[in-house]
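Reminder, nothing fancy here: chain letters follow the sequence lines and each chain counts from 1.
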Protein chains: 2
Amino acid sequence: MTGQVRTVDGRVAGRRGQATRQKLLDCLGEMLSTSPYRDVKVIDVARKAGTSPATFYQYFPDVEGAVLEIAEEMAKEGAALTGLVSERAWTGKAGWQTAEELVDGFLTFWRKHDAILRVVDLGAAEGDKRFYKIRMKILNAVTNSLTDSVKELQSKGKVDKDISPAAVAGSLVAMLAAVASHQKGFQTWGVKQAELKPSLATIVHLGITGRKPTK
Amino acid sequence: MTGQVRTVDGRVAGRRGQATRQKLLDCLGEMLSTSPYRDVKVIDVARKAGTSPATFYQYFPDVEGAVLEIAEEMAKEGAALTGLVSERAWTGKAGWQTAEELVDGFLTFWRKHDAILRVVDLGAAEGDKRFYKIRMKILNAVTNSLTDSVKELQSKGKVDKDISPAAVAGSLVAMLAAVASHQKGFQTWGVKQAELKPSLATIVHLGITGRKPTK
DNA sequence: ACTTGTCCTGTCATGCCGTCAGCTTACCGA
DNA sequence: TCGGTAAGCTGACGGCATGACAGGACAAGT
């Protein structure tokens with residue numbers, strides 16, 4: 001689209017500028033994973049990046065703006081999640097494998113981007129359209145593919161016709177996202193990682209196909 | 001447990017004190033539902049309550065402390081959610097009704113406490129034990145009851161024995177919580193409320209019993 | 001009226017926010 | 001080599017939230 005990285009006051013950023021900008025983003029990302037979002041201050045990010053607060057404001061309108069930038073970057077990477085669903089079979093053993101790989105891919109991605117996804121989730125839940133859009137971008141690919149799968153199974157009469165494919169797909173994806181962001185919580189709960197994945201895969205398989213998986 | 005409401009510096013609060021304290025909590029709760037958590041300032045809450053910031057700090061160590069207070073209150077009310085699961089049947093039409101009522105009760109509760117639950121969720125995801133504990137308190141009742149249901153069905157051979165009851169129950173509850181906190185999101189997605197509930201109920205029923213519901 | 005204990009606020013030091021003017025650095029054409 | 005120009009960075013400042021304190025206002029009992 002633009003291809004041009006610009007500062008807040010409209011200048012185009014050169015090599016050096018882009019480097020500092022990126023360094024600020026990196027430091028912000030790191031801070032988000034070590035301290036509560038509410039407590040992340042511009043001055044801390046700037047200090048950590050070895051620069052001054054004023055420099056931060058040259059590249060981002062505020063902390064939220066910078067977070068959006070990181071999230072956007074992550075969303076691009078998240079597009080790869082589509083591959084976990086599209087063109088996959090949902091019958092027999094292959095169906096079980098699809099479910100397993102979907103769960104595994106999802107949890108891995110979520111854990112990797114843990115900190116930033118928390119903030120995106122909060123922003124989306126608070127009604128901020130920009131965050132909501134990014135959250136969509138990541139979840140949409142998976143949700144749409146799943147929706148298609150359900151529709152197809154529905155047309156074959158394997159799934160009840162009175163359920164909404166989009167609602168089921170959306171709910172399952174929401175489940176995966178929620179469980180992923182509380183993975184540590186489940187551990188405290190006495191649920192081990194190893195138990196979690198097959199359980200999730202089973203639920204996903206059940207939800208999509210209406211049948212128990214054959215393993 | 002305590003029964004005594006105390007100020008930060010240890011005094012016991014009288015009638016008037018408790019009134020202002022409550023007013024501050026109410027105003028904070030209201031602010032949380034209209035502006036982002038990150039932007040909620042003590043001075044705004046105080047102004048809204050017709051008092052001074054200093055008064056706020058007499059009753060709460062900081063904004064987070066006050067939020068915890070509200071959340072604690074909500075958790076008590078949330079204990080009633082247990083009734084949605086315990087002593088309910090999971091077979092035949094009664095099973096479908098159980099699933100429906102569970103979903104409905106959950107969504108209603110979540111929508112009612114929308115704003116505060118967002119913050120609790122964030123705090124828990126960020127690893128704050130106090131928030132995590134409250135989140136547990138609300139979800140635990142439901143999760144434990146569901147876990148028992150799955151165990152029972154498992155012992156009757158109606159559910160595969162190699163899945164973890166706790167993991168399934170936890171995942172389903174997480175799904176309900178996640179969908180509930182993004183209810184508005186689903187609407188934008190083109191999924192209507194009316195479609196959402198039966199879909200969720202179906203997934204819950206499938207997850208718990210392993211069978212399609214008979215409606 | 002006086003005392004006691006609760007309740008609230010004025011005020012202040014501290015620290016972060018967000019902006020500006022102005023300085024330094026890098027690039028480029030002559 | 002040498003300015004010229006735009007990019008890049010920072011010190012400094014007014015403004016505001018924070019959090020602490022001492023002291024004034026108020027209600028209730030004596």
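Straight-line distance from the NZ atom of A:K23 to the C1' atom of D:dG8: 15 Å, rounded to whole Å. D:dT18 atom P lies 12 Å from atom CG of A:D39, rounded to whole Å. Taking atom CZ of residue A:R6 and atom P of nucleotide D:dA6, one finds them 14 Å apart after rounding to whole Å. Protein atom CD of B:E64 is 20 Å distant from nucleotide atom P of D:dA17, rounded to whole Å. When rounded to the nearest whole Å, the span between CD of B:Q58 and C1' of D:dA25 equals 13 Å. The nearest whole Å value for the distance from the CD atom in A:Q18 to the C1' atom in D:dC9 is 17 Å.
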Going 5' to 3' through nucleotides 13-18 of chain C and flagging B where a protein heavy-atom sits under 4.0 Å of the base, S where only the sugar-phosphate is that close, and - otherwise, we get ---SSB
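Looking only at atom types and distance, the side chain of B:W90 has no donor-acceptor partner in the side chain of B:T209 under 3.5 Å away. Donor-acceptor pairing under 3.5 Å is recorded for the side chains of A:Q97 and A:E101.
In this structure, A:S35 OG and A:K41 NZ are separated by 10.0 Å, a value rounded to the nearest 0.5 Å. Between the CD1 atom in A:I163 and the CD atom in A:Q154 there is a gap of 5.5 Å [rounded to 0.5 Å].
Regarding contacts with the backbone of C:dC7, every side-chain N or O of B:T20 stays at 4.0 angstrom or more from both OP1 and OP2. Contact between the side-chain N/O atoms of B:T55 and the OP1/OP2 oxygens of C:dC7 is not found at any separation under 4.0 Å.
Note on A:T7: nothing from the nucleic acid sits closer than 4.0 angstrom, heavy atoms only. Among the atoms of the strands shown, only primed sugar atoms or phosphate atoms (P, OP1, OP2) are found under 4.0 Å from some heavy atom of A:Y59.
When each of B:L102, B:I138, B:L146 is paired with B:V173, the side-chain contact (heavy atoms from CB on, under 4.5 Å) condition holds for B:L146 and for no other.
Salt bridge B:E64/A:R38: absent, no basic N to carboxylate O contact under 4.0 Å. Using a 4.0 Å cut-off between a side-chain N of Lys or Arg and a carboxylate O of Asp or Glu, B:E100 and B:K197 do not qualify as a salt bridge. Taking the charged nitrogens against the carboxylate oxygens, A:R47 and A:D44 do have a contact shorter than 4.0 Å, which makes a salt bridge.
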Protein N or O to nucleotides 25-28 of chain C N or O, pairs below 3.5 Å:
residue, atom, partner, partner atom, Å
C:dC27, OP1, A:R15, NH2, 3.0

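Between B:W110 and B:F106, the two ring planes are parallel [angle under 30°; tilted spans 30° to 60°].
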